[in-house]
Every structure is written in C-alpha cells, then in structure tokens.
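Encoded as structure tokens, the structure appears first; notes follow it.
Side-chain atoms are counted along with the backbone in the values below, which use heavy atoms only and exclude waters and symmetry mates.
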Amino acid sequence: MTKAVGSTPRQARWGLRRLGWQARRNLDVLLTHAPPEGPHAGQDFAHRGCPELSRFLTGQRPRLMVHGHIHEYEGRKAEYTDLTTGTRVINAYGYRVVDL
C-alpha cells in the first residue's frame, strides 16, 4: 500500500490517520521522506523531525520505519530502535541495505 501523506501538519495528520485506519495495525514497514522526532531529527526547521510521524509510530507500532532527508554530515546514527514503540528506525540517506 502506497500513500502520499502531505506536507503540512494538517495534511500529515489526516493522511496518517487514514493510513492507520486502512492498515488496522497490520503495518510492517513505513517508508517516509522525513524522520520522526528523536535521534535522527536535525536542529534546523527543515530537519526538525515530524511530530505527526512520532504519534503515528506510537499508535501503529510498525516493525520498521525507513526515512531519508537527514544527511550523514549531521552526525546522526544510521539506525536506532525507538524505545517507546520498539520500531526500528533507519536513516536511508545515501543508501542502506536492510535485512527484514
């Protein structure tokens, strides 16, 4: 299932709510452009992390989230496990090989 979620916070909330309803907690992999809030988020406005994605992870608890947008030069880890949800979060900027 592929869905574009939107770029404003309101569009993101609406699109993620719709995706969550359609997935009904059967979502294994979430692929996004932006990261959720947390270790991969940058300091500036464009890289701050998306609070709507963080809320979505809490509600849906996918096994894996893959995002781009955060560059290696910012010193971010390539991967971490979200302590609240158990979701494995991977920064795929450049490229990553992912074992499922």
Side-chain angles (χ1 to χ4, degrees):
M1 173 184 330
T2 303
K3 297 284 180 182
V5 176
S7 57
T8 68
R10 182 175 182 215
Q11 289 171 325
R13 280 190 302 275
W14 185 86
L16 288 167
R17 192 174 311 128
R18 183 173 176 200
L19 176 62
W21 182 83
Q22 290 174 337
R24 291 178 187 82
R25 295 188 66 102
N26 291 324
L27 186 65
D28 290 323
V29 178
L30 178 63
L31 178 63
T32 67
H33 175 76
E37 295 173 307
H40 286 173
Q43 299 299 317
D44 62 333
F45 181 78
H47 300 98
R48 71 191 181 285
C50 180
E52 288 79 12
L53 286 173
S54 297
R55 282 192 289 278
F56 185 80
L57 290 181
T58 300
Q60 294 295 317
R61 298 182 183 266
R63 291 185 325 152
L64 174 66
M65 177 184 181
V66 180
H67 70 83
H69 193 65
I70 302 299
H71 304 267
E72 295 293 332
Y73 67 81
E74 292 186 7
R76 307 289 179 221
K77 292 190 272 185
E79 179 178 334
Y80 71 94
T81 300
D82 182 79
L83 298 176
T84 304
T85 64
T87 299
R88 181 177 165 205
V89 181
I90 296 176
N91 179 3
Y93 174 76
Y95 72 93
R96 291 285 181 267
V97 176
V98 179
D99 291 321
L100 300 176

Please go through Val97's hydrophobic cluster and name the other residues, only I, L, V, M, F, W, Y counting, with side-chain heavy atoms under 4.5 Å joining them. none

Atom pairs and distances, donor-acceptor, side-chain atoms in residues 59-67, under 3.5 Å, two or more places apart:
residue	atom	partner	partner atom	Å
Gln60	OE1	Arg25	N	3.1
Arg61	NH1	Thr84	O	2.9
His67	NE2	His40	ND1	2.6

Can you see which heavy atom on Gly68 is nearest to which on Pro35, and at what distance? O-CD, 4.4 Å

Do you know which two heavy atoms are closest between Tyr80 and Pro36, and how far apart they sit? OH-CG, 3.8 Å

Salt bridge (Lys or Arg N to Asp or Glu O under 4.0 Å) filter on Glu79, not counting sequence neighbours, yields Arg88

Distance (rounded to the nearest 0.5 Å) between Arg10 CZ and Arg13 CZ: 8.0 Å

If Ile, Leu, Val, Met, Phe, Trp and Tyr residues are connected whenever their side-chain heavy atoms lie under 4.5 Å apart, and connections chain through other members, are Leu27 and Leu53 in the same group? yes

Hydrophobic cluster (4.5 angstrom, side-chain heavy atoms) - remaining members for Trp21: none

Leu19 side chain near Leu30 side chain, heavy-atom distance below 4.5 Å: yes

Under 4.5 Å between side-chain heavy atoms, hopping through other hydrophobics if needed: is there a path connecting Ile90 to Val29? yes

Main chain of Leu57, side chain of Thr85: is a donor-acceptor contact present, judged purely on distance under 3.5 Å? no

Please identify each residue that fulfils side chain to side chain donor-acceptor pair (under 3.5 Å) with Thr32, with sequence neighbours left out. none

